[in-house]
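Worksheet for the structure shown next.
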Amino acid sequence: MPWFSYPALAFRGRRYQPAGENQQTRYDAIVVSGDAYVDHPSFPTAVVTRLLQRCGLKVAVIAQPDWTKDEDFLAWGKPSLFFAIVPGAMDSMVANYTASRMPRGRDRLSPDGEPGLRPKRALQIYVQKVRQLFRDCGLVIGGIEASLRRFAHYDFWEDRLRDPILVDAPADILVYGMAEPVIEKVVDWYKAGRQPAVPQIPQTAVRVKSGSWKEWLPSEHMVLPSVEECRQNPRAFMEMSKILDTSVRPAARILVQQHPKGDTICFPPAAEDYRRETEIMSDLQFNRRSHPLYEKPIPGLEPVQFSVQSHRGCVGACSFCALAIHQGRTIRSRTQADILAELAEFAKHPDFKGIVPDIGGPAVNMYGWECRVGGCERNQCTHPVVCRNVATTLRPLADLLKAASQVPGIRRVFLGSGLRYDLIRPEEWAIFEYIVFNHVSGQLKVAPEHFDKRVLHLMRKGENADFAGFARRFYEACARAGERLFLVPYLMTAFPGSENADKVLADVIRELHLAHEQIQEFTPTPGSIGSAMFYTGLDFDCKPVKVVKNQSERLEGRSRIQSRPARKATDRDDKRFEKKRPHEKTHDKPHEKRRSAHKPKR
């Protein structure tokens with residue numbers, strides 16, 4: 001080990017360079033990351049680095065730089081082409097704060113789980129720092145944080161509507177989604193001297209001078225409500241959110257949102273790029289270890305070290321989830337041969353013990369699914385009912401798991417990803433039993449989210465599903481087979497429209513004797529329809545819906561389920577997240593002086 005050379009890495013004053021590189025080496029691209037560098041396909045910094053190397057570039061990485069100083073950002077000098085800002089596998093606000101807006105005490109994507117190594121709104125901070133130090137250098141942004149913020153968006157932590165991210169983080173180009181094929185086109189644009197002046201690359205967004213696009217943009221475009229209209233009119237923001245919800249698909253229209261500081265133009269994905277995405281995934285090679293520069297382990301690696309991604313996208317229409325505007329709803333499945341070839345390499349890895357903890361994706365049973373008509377403009381395959389054009393079958397997954405179990409060196413293959421129980425066809429129950437009894441280790445993760453039909457309707461999540469019936473049939477099948485397995489349901493409280501419906505959760509949990517550790521308050525992350533509901537007080541039909549924003553009321557649902565009285569919240573609970581965390585020393589703009597010395601009590 002390693003099989004593949006690790007990239008040059010700078011981390012908090014320490015540096016590593018592979019053989020053949022030295023301090024005089026000038027890199028073509030420098031990746032700035034909010035995560036530690038882990039050479040694994042589940043970690044976006046590693047994926048971007050390996051993609052850029054695949055394009056023939058010499059690449060260096062700056063991981064978790066100290067944003068209060070210049071030194072870390074100057075570690076590798078100025079790249080010949082561009083900086084690529086990849087804030088992390090998680091949105092930096094979600095990584096830093098809980099659903100109660102309290103600072104997290106652990107960051108699983110940092111060495112030894114140490115918190116505080118990434119700033120809040122990391123994308124914005126990193127871009128501003130790079131622009132401050134390298135004013136005319138090329139700059140690309142991407143990742144989940146950029147994807148969800150490419151248009152006007154609601155910020156739960158500030159309780160206000162924020163501008164499109166390219167206004168606050170002035171990059172040349174924003175790449176959204178997974179976008180393996182798109183990186184090649186971005187590299188070609190920089191190699192061509194950033195010509196044409198406005199790149200029209202699929203699955204990217206750019207900011208242009210207000211109104212200038214009217215002279216050259218194709219007629220197949222849609223002008224969204226402007227940022228100011230969204231701020232003045234809640235209905236306009238909800239309508240915009242509904243358009244975005246179905247916009248990530250080939251053949252969608254180009255979207256434009258106007259802003260006085262420059263209009264954002266977003267280009268849809270290309271069908272050919274979607275087809276190539278999984279092919280490129282299989283070409284990339286990783287060591288599946290953290291970078292040797294680190295002396296302490298990265299906690300987030302252990303549970304996924306030998307997991308395998310089987311597909312991208314999710315046909316679910318869940319309104320609390322923003323995956324639709326990141327990966328889209330088109331399922332892109334890897335071939336069985338590619339997955340088996342990846343598994344065969346595991347036997348050569350010194351850390352591998354024969355156990356594959358997961359083969360999956362956003363929803364594991366969607367592997368191999370496809371639309372019989374190639375997709376449609378409505379782009380809501382499971383709401384209010386499952387579309388007849390979607391091939392919803394468990395057979396490709398079962399065949400894959402059987403084949404994976406026979407790969408030399410593989411002892412067991414498990415499913416660690418969540419499963420959409422409400423999309424299991426009754427005639428395929430025998431296939432489901434095979435999967436559960438052979439590839440589930442003790443606990444089957446399912447996500448009913450709620451049991452109240454009105455809340456499920458607002459969530460667009462299996463409102464007609466019979467979870468109690470599924471649970472009974474599941475345990476009856478386990479009893480017949482002599483298997484001791486358990487259901488672990490993921491449940492959500494404080495969703496818009498819940499009101500007193502969270503009591504239904506508590507009643508059903510007690511009735512069915514369900515485990516209830518996996519409960520979370522709804523967190524309105526940017527981009528989702530649920531977040532738009534939370535901000536506007538309107539449902540997706542623009543009818544008023546009750547929204548609980550007071551923190552003490554948001555805690556009541558969880559407290560009722562866990563049979564603990566709700567903790568009395570105070571104004572300090574609702575505002576504490578606005579104060580500075582002990583290890584944070586700057587505001588949004590790194591060059592501003594501190595305005596306050598207040599620190600939260602510990």
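In this chain, numbering begins with 1 at the start of the sequence shown.
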Margin query: Between His439 (side chain only) and Ile359 (backbone N and O only), is there a donor and an acceptor less than 3.5 Å apart?
Written below: no

Notebook entry, point to check: Should His457 and Phe540 be marked as a ring pair (Phe, Tyr, Trp, His ring centres under 6.0 Å) after you check the CA-CA gap, both sets of side-chain angles, and the distance that decides it?
Noted result: CA-CA 10 Å; His457 174 73; Phe540 35 73; 5.6 Å; yes

Notebook entry, point to check: Short question: side chain of Arg329, backbone of Gly316 - any donor-acceptor pair under 3.5 Å?
Noted result: yes

Next item on the list: Quick one: closest heavy-atom pair of Pro164 and Thr264, and the distance?
Entry: CB-OG1, 3.6 Å

Check: Does the side chain to side chain donor-acceptor pair (under 3.5 Å) test come out yes or no for Asp399 and Gln336, once each step is laid out?
Finding: CA-CA 9 Å; Asp399 291 344; Gln336 184 180 114; 5.8 Å; no

Next item on the list: Measure the shortest side-chain to side-chain distance between Cys55 and Lys191 over non-hydrogen atoms and say whether it is less than 4.5 angstrom.
Entry: no

Margin query: Run Tyr535 and His153 through side-chain contact (heavy atoms from CB on, under 4.5 Å) and show every step you take.
Written below: CA-CA 10 Å; Tyr535 171 68; His153 54 277; over 6 Å; no

Next item on the list: Output yes when a side-chain donor or acceptor of Glu449 lies under 3.5 Å from a complementary backbone atom of Met459, and no otherwise.
Entry: no

Next item on the list: Indicate the atoms forming the closest heavy-atom contact of Ala63 with Leu9, along with that distance.
Entry: CB-CD1, 3.7 Å

Check: CG of Asn287 to CZ of Phe4: how many Å apart, nearest 0.5 Å?
Finding: 6.5 Å

Checklist line | Value rounded to 0.5 Å, distance of CZ in Arg289 from NE2 in His349 | finding: 5.0 Å

Item checked: Exercise: identify the closest heavy-atom pair between Pro199 and Ile173 -> CG-CD1, 3.9 Å

Next item on the list: State whether the side chain of Gln203 and the backbone N or O of Tyr176 hold a donor-acceptor pair below 3.5 Å, judged by distance alone.
Entry: yes

Item checked: Partner residues of Arg26 under the salt bridge (charged side-chain N to carboxylate O under 4.0 Å, His left out) criterion, sequence neighbours left out -> none

Item checked: Between CG on residue Leu400 and CD1 on residue Ile435, distance to nearest 0.5 Å -> 9.5 Å

Check: Can you check whether Thr382 reaches Leu423 side chain to side chain, under 4.5 Å on heavy atoms?
Finding: yes

Next item on the list: Check whether any side-chain heavy atom of Met90 lies under 4.5 Å from a side-chain heavy atom of Ile144, and answer yes or no.
Entry: no

Check: Roughly how far apart are Glu21 CD and Tyr27 OH, rounded to 0.5 Å?
Finding: 3.5 Å

Next item on the list: Indicate yes or no: at least one non-hydrogen side-chain atom of Val130 is less than 4.5 angstrom from one of Cys137.
Entry: no

Notebook entry, point to check: Taking C-beta and beyond as the side chain, do Leu401 and Leu415 meet within less than 4.5 Å on heavy atoms?
Noted result: yes

Item checked: Salt-bridge criterion met for Lys209 and Glu215 (N-O under 4.0 Å) -> no

Margin query: For the backbone of Gly177 and the side chain of Ser147, can you confirm whether one donor and one acceptor N or O come within less than 3.5 Å of each other?
Written below: yes

Next item on the list: Could you label the plane-to-plane angle of the Phe83 and Phe134 rings as parallel, tilted or perpendicular, counting under 30° as parallel and over 60° as perpendicular?
Entry: tilted

Checklist line | side-chain contact (heavy atoms from CB on, under 4.5 Å) between Gln258 and Glu228, intermediate numbers included | finding: CA-CA 9 Å; Gln258 296 171 295; Glu228 189 58 31; over 6 Å; no

Notebook entry, point to check: Run the salt bridge (Lys or Arg N to Asp or Glu O under 4.0 Å) check on Arg194 and Asp172 step by step: do they pass?
Noted result: CA-CA 9 Å; Arg194 304 191 218 182; Asp172 301 327; 3.4 Å; yes

Item checked: Exercise: identify the closest heavy-atom pair between Leu109 and Gly300 -> CD2-CA, 4.5 Å

Next item on the list: Return yes if some donor-acceptor pair links the side-chain N/O of Asp358 with the main-chain N/O of Gly416 below 3.5 Å, else return no.
Entry: yes

Next item on the list: Ignoring hydrogens and angles, tell me if any N or O in the side chain of Asp245 forms a donor-acceptor pair with the backbone of Ala324 under 3.5 Å.
Entry: no

Checklist line | Side-chain heavy atoms of Gln257 within contact of Cys230, under 4.5 Å | finding: yes

Check: Step by step, would you call Asp91 with Arg149 a salt bridge (Lys or Arg N to Asp or Glu O under 4.0 Å)?
Finding: CA-CA 10 Å; Asp91 184 288; Arg149 290 170 166 79; 2.2 Å; yes

Next item on the list: Let me see the working for Trp369 and His311 under side-chain contact (heavy atoms from CB on, under 4.5 Å), right down to the final yes or no.
Entry: CA-CA 10 Å; Trp369 290 15; His311 64 283; over 6 Å; no

Next item on the list: Please say whether the positively charged group of Lys402, taken as NZ for Lys or CZ for Arg, lies over the ring of Tyr434, i.e. under 6.0 angstrom from the six-membered ring centre and within 45 degrees of the axis.
Entry: yes

Check: Between Arg50 and Gln53, do the side chains contain an N or O donor and an N or O acceptor separated by less than 3.5 Å?
Finding: yes

Notebook entry, point to check: With a 3.5 Å cut-off and no angle check, do the side chains of His221 and Arg253 form a donor-acceptor pair?
Noted result: no

Next item on the list: Find out whether Val248 and Gln327 are in side-chain contact, i.e. whether some heavy atom of one side chain is under 4.5 Å from a heavy atom of the other.
Entry: no

Next item on the list: Give me the one residue out of Arg334, Arg312, Arg276 that meets salt bridge (Lys or Arg N to Asp or Glu O under 4.0 Å) with Glu180.
Entry: Arg312

Next item on the list: Can you measure from OG (Ser92) to CD1 (Ile125) and round to the nearest 0.5 angstrom?
Entry: 9.0 Å

Check: Excluding sequence neighbours, so at least two apart, what forms ring-ring contact (aromatic ring centres under 6.0 Å, His included) with Phe73?
Finding: none

Margin query: Walk me through whether Lys78 and Asp136 qualify under salt bridge (Lys or Arg N to Asp or Glu O under 4.0 Å).
Written below: CA-CA 10 Å; Lys78 181 180 178 180; Asp136 62 342; 3.0 Å; yes

Next item on the list: State plainly whether the residues Lys261 and Asp163 are in salt-bridge range, i.e. N to O under 4.0 Å.
Entry: no

Next item on the list: Kindly compute the distance separating CG (Leu148) from OG (Ser528), expressed to the nearest 0.5 Å.
Entry: 8.5 Å

Check: Has the side chain of Ser417 got a donor or acceptor atom that lies under 3.5 Å from a matching backbone atom of Ala363?
Finding: no

Notebook entry, point to check: Is there a donor-acceptor pair under 3.5 Å between the side chain of Ser310 and the backbone N or O of Ser333?
Noted result: no

Notebook entry, point to check: Under the side-chain contact (heavy atoms from CB on, under 4.5 Å) criterion, do Val47 and Phe286 qualify, and how do the steps go?
Noted result: CA-CA 9 Å; Val47 174; Phe286 303 88; 4.1 Å; yes

Notebook entry, point to check: Could you walk me through whether Arg54 and Glu184 pass the salt bridge (Lys or Arg N to Asp or Glu O under 4.0 Å) check?
Noted result: CA-CA 9 Å; Arg54 184 176 182 270; Glu184 300 172 359; 2.7 Å; yes

Next item on the list: Please work out whether the ring planes of Phe346 and Phe306 are parallel, tilted or perpendicular, with thresholds of 30° and 60°.
Entry: perpendicular

Notebook entry, point to check: Between Thr523 (side chain) and Thr525 (backbone), is there a donor-acceptor pair under 3.5 Å?
Noted result: no

Next item on the list: Would you mind reporting whether Val59 and Pro7 have side-chain heavy atoms less than 4.5 Å apart?
Entry: no

Next item on the list: List for me each residue that meets ring-ring contact (aromatic ring centres under 6.0 Å, His included) alongside Tyr490, sequence neighbours excluded, and say none if there are none.
Entry: none

Check: What's the shortest heavy-atom distance between Ser319 and Leu458, and which atoms?
Finding: OG-O, 2.6 Å

